[in-house]
Amino acid sequence: QKQLVESGGGLVQAGGSLRLSCVSSGRTFSNYAMGWFRQAPGKEREFVAAIDWSGINTDYANSVKGRFTISRDSAKSTVFLQMNSLKPEDTAVYYCAADALGVITTTPDGYDYWGQGTQVTVSS
C-alpha cells in the first residue's frame, strides 16, 4: 500500500524557516509528480508547490514564490519543501500529495495519494 508521511512542521517566529519532508513508502513514487498543499482553518485546501517526476520542472503559488523551494530525492523517495521568510499567513496544515500522471498540476483533484499533514504555525 502506497503511503506518504509528512514531517518537519512546528512553531516558528515570523521570518524564520522550516523544512518539510514527505517520505513515501510501499511502492515507489519516483515516476509521480509531487505536490504540497496547505489548509488553514475555515479555508479551502490551496496549492503551494509542485515538482514533476523528473525533478526538473517546478511550480509555485504566487504567495510563496521566492520564499519556498520544492525538491525531491527520488533515490530516497523523499520530497522536501524548504520554507524561508515565513509569515503568519503561512500558518496551516501542510499536505504532501502524489500525482500518477507525473506532470505538474495545481488542483487537489489531480492527485492520487495524500499524506496526513503536518502543522506549521508562524507566530508574529
Worksheet item: Are more than 12 heavy atoms from other residues, nucleotides or ligands located less than 6.0 Å from atom CD of Gln116?
Response: no
Worksheet item: What are the two closest non-hydrogen atoms of Thr78 and Ser21, and how far apart are they?
Response: CG2-CB, 4.4 Å
Discussion item. Using a 4.5 Å cut-off between side-chain heavy atoms of Ile, Leu, Val, Met, Phe, Trp and Tyr, which other residues end up in the same hydrophobic cluster as Tyr94?
Written reply: Leu4, Val12, Leu18, Leu20, Phe29, Tyr32, Met34, Trp36, Val48, Ile51, Tyr60, Val64, Phe68, Ile70, Val79, Leu81, Met83, Leu86, Tyr113, Val120, Val122
Worksheet item: For Arg19, which residues count as a salt bridge (Lys or Arg N to Asp or Glu O under 4.0 Å) partner, sequence neighbours excluded?
Response: none
Fill in: Contact summary for Tyr111 and Ala97, nearest pair of heavy atoms
CD2-CB, 3.5 Å
Item to complete: Tell me who clusters with Trp53, hydrophobic residues only, linked when side chains sit under 4.5 Å apart either directly or through other members.
Response: none
Practice prompt. Could I get the full list of ring pair (Phe, Tyr, Trp, His ring centres under 6.0 Å) partners for Phe47, not counting sequence neighbours?
Written response: Phe37
Practice prompt. Please round to the nearest 0.5 Å and tell me the distance separating atom OG1 of Thr91 and atom CG of Leu11.
Written response: 8.5 Å
Discussion item. How long is the straight-line distance from CG of Asp59 back to NZ of Lys65, given to the nearest 0.5 Å?
Written reply: 6.5 Å
Worksheet item: Taking only residues at least two apart or on different chains, which pairs with a member in residues 59-124 satisfy disulfide (SG to SG under 2.5 Å)?
Response: Cys22-Cys96
Worksheet entry | N/O donor-acceptor pair under 3.5 Å between Thr118 side chain and Glu6 backbone | no
Worksheet entry | Shortest non-hydrogen contact between Pro108 and Trp114, atoms and distance | O-CZ2, 3.5 Å
Worksheet item: Between OG of Ser124 and CD of Gln13, what distance do you get to the nearest 0.5 Å?
Response: 9.5 Å
Item to complete: Quick one: list whatever passes salt bridge (Lys or Arg N to Asp or Glu O under 4.0 Å) with Asp90, sequence neighbours left out.
Response: Arg38, Arg67
Worksheet item: Say you draw a straight line from CG of Asp52 to CG of Asp99; how long is it, rounded to the nearest 0.5 Å?
Response: 10.5 Å
Item to complete: State, without any angle test, whether Thr107 and Asp109 hold a side-chain donor-acceptor pair at a distance under 3.5 Å.
Response: no
